[in-house]
> 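Pasting a structure here, questions to come.
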Amino acid sequence: MESAQSSGVGSGNSDTYTPEIAESLRFQEEIQSLIDPSFDGSPAAGGSFTALLGLPANQAVELLHEQGPGELPVSGAASSSPTAGEMWRLRVGEEAAPALRLPLDCSPTFPSNAALVERAARFSVFATAESPASSTGGGPSPRLKTEPADSDSPPTLPIAAEKPQRPTKRKESEKSKGKTPAKKSKNAEENTGGDKLPYVHVRARRGQATDSHSLAERARREKINARMKLLQELVPGCSKITGTALVLDEIINHVQSLQRQVEFLSMRLAAVNPRIDFSGLDSFLSAECGPLTAGNGRGGAVLDPAMWSSEATAAASGTRRLPQQQFWHVDLMRPQQPSTMWERDGASHPHFLLNPATSLFVYDPANSVPLNSNQLKTEL
Amino acid sequence: MESKSLSRDCNNPNPDPKMAFHFLRALLHIQQSAATTSFTGRRRRIKRAAYASMAYSSGARRAWSRALIHTLRRRRQRQQRARTAVALPRRIRVARPPRREVAAADQAQVLRKLVPGGTGMEYCMLLEETADYIRCLATQVQLMRNVVDSVTNS
C-alpha cells in the first residue's frame, strides 16, 4: 500500500490509481458491511458516512479520468460541500457510539475504522474543496497548512494536502492536531446544539495523541470518569475522596454495608413477624398510598384482595391511624396477580373493599388523607 | 456530563410502590405460612423476598436485576428439584483441584462479585450497574426500615 501511495503521488497516471480505487471501493464496502444495520443504501442521501465516502470517490474518479482537477472539484464541491460540510461531522459518531457501547471485544476494529474514515473523509472533502465553503472551513484550512509540519503519518500525506488528486487515500490515518486547545466535545450521548442526531465530535486537545485508538480510549475513559462521578455522588461521603482506588474501596464498603443492612433488617422482620399486627400494617399501607380519587384511571387492580381480606378480618376495630408523611408515589402492580390471587382466595367480603381500595391507590396530591380514612370507615 | 437516569432521585430514595407491594405481599405470605417454619427459614425467605422485590421493581431493564431474577429462579428450581428428588446413594467425594486464588486486591473483581451479574460485564457497564444497584438497595433498606418501624410502633 505504501508503494502504491508513493507511486501515485505526482502522477495522474490512471494505471497506478486503479488499484487504489479498487482498494478504496473495497474499503467502502467493508465499511458498509460493518455498519450494515444502519446503512442507507442510497449514496446521495445525507445519512451515513458511506454517502460521504461515495461523493469523494465519485469526485476522485471523475478527477482522475478527466485529469481536470481545476474544474471538477469546484463544481463538485459547490454542490456537495454544503451537504458534505454538514455531514463531515457525521453519523460516524452515531455508529461509533453504539459500537463503543458494545463490549469492546465485539468489534475491535470498528471504532478505529470509523474514526479513521471520518477524518479521512473530512480531510478528503476539504482537499477537494478549494474554497472551503462550509462553515468549518476556517478550521481545517489552517490545519491543512500545518499538516506538513505536524503530521507524523506517512510522508505522502503532506504532499497529498496540496494535490487534489489525493482524496482517494482514505486509509491513511490523519494526525490532525487542533490548533485551538479548546472544546473537547463529548460522547455521542450529548447532542450538539441544533442537530437532531447525536454524534461523536471528538476533537483532540492540544498536546494529546490523536490517533484513533487513543481517541476511542479517551472517549471510554471519559465515560468511566463520568460514571465514577455519579457513583461518588451516590455514595455518601465519597465526594471528598480523591483517587479512584479509595473511591472504589468506599463504594465496595457501601455496597457491603447495604447488603448487611438488608440481612439485619430481614432478621428483625423475621423476629417481629409472628406478632405482626395487620391493623398496623393496614394503616401503614393506607397512609402510604395516600389519598384517593374517584376513579382508577389506570384501570389496573392494584390491590391484593387476599391482603385486604386478612387485614379486614384482623382489624375489625377499624382504628385507622395515619402514620406520618410517607409519600409513596403509587404505581400499578401487575394486573394479573391480583386477579389470580382473587380466584385462589375466593373470599367474598373483599368485594366491597375492593372498590374503595382500588380508588385508594390512585395518587392524587390534591386530595387530603383524612378523606381516605373516612371512606374506609364508612365502607366497613 | 451525561445526565442519565442514574442521577435522578439519587440520594433520597423515594420508595418504589412496585417494590413495596411485592415485598409486603411476600411478607404476608411468609407470615401466613410461618406457623411451622423456623426462625432461620423465615429469615431466609424474607431476605429472598427483599431481593426479589428489588429485582422486580427494575424488571428487565437492568442487567443486574435480570441476573438477580435468574439467580433466584435457579435457586428456587434447585430447591424444588432437591425436594422431589430420590435420595441418591452417598457419593464418593472427589477432591476438587484447589481453586486458583483470585487476587481480591483487584477492586473491580470484588465489585463484580458483589453486584449480581457483574462477572459478565466490562468496566463501565459495571460502574453503571453498581450505581443503579446501590440506589435500589438503598430504597429497599428504607422500605424495610419503614415496615419494621411501623410494625414495632403500632
Side-chain angles (χ1 to χ4, degrees), chain A residues 103-104 186-187 189-190 220 223-224 226-231 233-236 245 248-249 251-252 254-256 258-259 261-263 265-274 276-281 283-285 288-289 302 304 306-307 310 321 323 326-333 337 361, chain B residues 1-2 4 6-7 10-11 14-18 20-22 24-25 27-28 30-32 34-35 39-51 54 107-108 110-111 114-115 121-125 127-128 130-131 133-135 137-138 140-141 144-148 150-154:
Chain A
L104 281 182
K186 272 302 290 184
N187 293 332
E189 281 90 5
E190 182 185 42
R220 182 169 174 263
K223 248 169 61 165
I224 289 181
R227 304 233 162 102
M228 286 287 292
K229 272 178 88 165
L230 279 174
L231 270 173
E233 288 169 18
L234 212 47
V235 176
L248 273 180
D249 276 338
I251 291 171
I252 289 173
H254 194 245
V255 170
Q256 280 172 342
L258 279 175
Q259 283 178 342
Q261 278 180 29
V262 167
E263 185 131 9
L265 281 171
S266 74
M267 186 171 64
R268 276 184 73 186
L269 270 180
V272 154
N273 222 1
I276 214 170
D277 187 12
F278 270 106
S279 67
L281 194 58
S283 59
F284 168 68
L285 272 179
E288 140 242 328
C289 47
V302 173
D304 187 2
M307 188 149 64
S310 67
R321 280 187 308 111
Q326 287 158 350
F327 306 119
W328 294 46
H329 299 274
V330 181
D331 206 347
L332 273 188
M333 276 243 299
Q337 291 180 346
F361 287 87
Chain B
M1 167 99 118
E2 48 192 10
K4 308 193 94 174
L6 295 174
S7 51
C10 60
N11 276 334
N14 283 334
D16 193 14
K18 266 199 288 184
F21 283 131
H22 194 282
L24 290 169
R25 199 170 48 123
L27 269 188
L28 182 69
I30 291 172
Q31 197 233 346
Q32 279 175 345
F39 171 72
T40 324
R42 237 187 358 254
R43 185 177 62 181
R44 236 187 305 131
R45 278 200 210 170
I46 290 179
K47 195 168 82 156
R48 187 179 187 274
Y51 279 114
M54 235 175 52
Q107 295 155 323
V110 175
L111 206 50
L114 283 180
V115 176
M121 298 179 199
E122 51 165 10
Y123 193 58
C124 61
M125 265 297 281
L127 290 182
E128 181 179 348
T130 308
Y133 186 59
I134 286 178
R135 200 164 41 108
L137 262 182
Q140 177 71 34
V141 162
M144 288 173 82
R145 262 203 210 119
N146 285 344
V147 172
V148 169
S150 73
V151 164
T152 53
N153 285 343
S154 65

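Fair warning: this is a prediction, and the values are worked out from it, not measured in the lab.
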> Nearest 0.5 Å please: distance from the CE atom of A/Met267 over to the CZ atom of B/Arg43.
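Rounded to the nearest 0.5 Å, the CE-CZ separation comes out at 6.0 Å.
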
> My understanding is that only residues two or more places apart in sequence, or in another chain, count here; which of them pass side-chain hydrogen bond (donor to acceptor under 3.5 Å, both in side chains) with B/Arg48?
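Per chain and number, B/Arg48 pairs via side-chain hydrogen bond (donor to acceptor under 3.5 Å, both in side chains) with no residue.
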
> Give, for atom CG of A/Leu258 and atom CZ of B/Arg135, the distance between the pair rounded to the nearest 0.5 Å.
13.0 Å

> Kindly indicate whether the side chain of B/Leu127, heavy atoms from C-beta on, has any atom under 4.5 Å from the side chain of A/Leu230.
no

> Is it the backbone or the side chain of B/Arg145 that comes under 4.5 Å from a heavy atom of chain A, or both, or neither?
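For B/Arg145, heavy atoms of backbone and side chain both lie under 4.5 Å from chain A.
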
> In Å and rounded to the nearest 0.5 Å, what is the CD to OH distance from A/Gln259 to B/Tyr133?
4.0 Å

> Grab the two heavy atoms, one from A/Leu265 and one from B/Val141, that are nearest each other, plus how far apart they are.
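Minimum heavy-atom contact is CD1-O, 3.6 Å.
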
> Please name the pair of heavy atoms, one in B/Met144 and one in A/Val262, separated by the smallest distance, quoted to 0.1 Å.
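Distance-wise, the nearest heavy atoms are CE-O, 3.7 Å.
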
> Taking atom CD of B/Gln140 and atom CD of A/Gln261, what is their separation to the nearest 0.5 Å?
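One gets 11.5 Å once the value is rounded to the nearest 0.5 Å.
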
> Measuring from A/Leu234:CG to B/Thr130:OG1, what's the distance to the nearest 0.5 Å?
10.0 Å

> List the residues meeting ring pair (Phe, Tyr, Trp, His ring centres under 6.0 Å) with B/Tyr51, not counting sequence neighbours, and say none if there are none.
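Testing B/Tyr51 for ring pair (Phe, Tyr, Trp, His ring centres under 6.0 Å), a comparison that skips the adjacent residues, returns none.
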
